[in-house]
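Okay, handing you the structure first.
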Amino acid sequence: MGRTSVIKLETKRAAPSQHCPRCGARAKKELSDRVHVCTGSGYREQRDAASSRYMLGRV
């Protein structure tokens, strides 16, 4: 059997949906904004996927 790890991140403080997973720039978004588009790096991805990538980069 494989191993499973659980890592707890405080999303209120980390605000992963507000950060770019590529460059880390923060940009306020509304909940209705479903696509992350970074004006700095040009990174574009579905918001939930971008949030997950950002959180994985913080681990």
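No hydrogens, no waters, no symmetry mates; every other heavy atom, side chains included, goes into these values. If you read the sequence from its start, that first residue is 1, and numbering goes on from there.
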Inset, instruction - Please round to the nearest 0.5 Å and tell me the distance separating atom CE of Met55 and atom CD1 of Ile7. - result: 11.0 Å
Inset, instruction - For the residue pair Glu45 and Val35, establish whether any side-chain heavy-atom pair is separated by less than 4.5 Å. - result: no
Inset, instruction - Looking only at non-hydrogen atoms, find the nearest pair between Pro16 and Tyr54 and report the distance. - result: CA-CD2, 3.6 Å
Inset, instruction - Mark yes or no for whether Gln46, through its side chain, and Ala49, through its backbone, hold a donor-acceptor pair below 3.5 Å. - result: yes
Legend entry - By salt bridge (Lys or Arg N to Asp or Glu O under 4.0 Å) - contacts of Arg34 (at least two apart): Asp48
Which donor-acceptor pairs under 3.5 Å do side chains of residues 17-24 form with protein atoms, sequence neighbours excluded?
{"residue": "Ser17", "atom": "OG", "partner": "Arg47", "partner atom": "NH2", "Å": "3.1"}
{"residue": "Gln18", "atom": "OE1", "partner": "Lys29", "partner atom": "N", "Å": "2.7"}
{"residue": "His19", "atom": "ND1", "partner": "Ala14", "partner atom": "O", "Å": "3.4"}
{"residue": "His19", "atom": "ND1", "partner": "Ala15", "partner atom": "O", "Å": "2.9"}

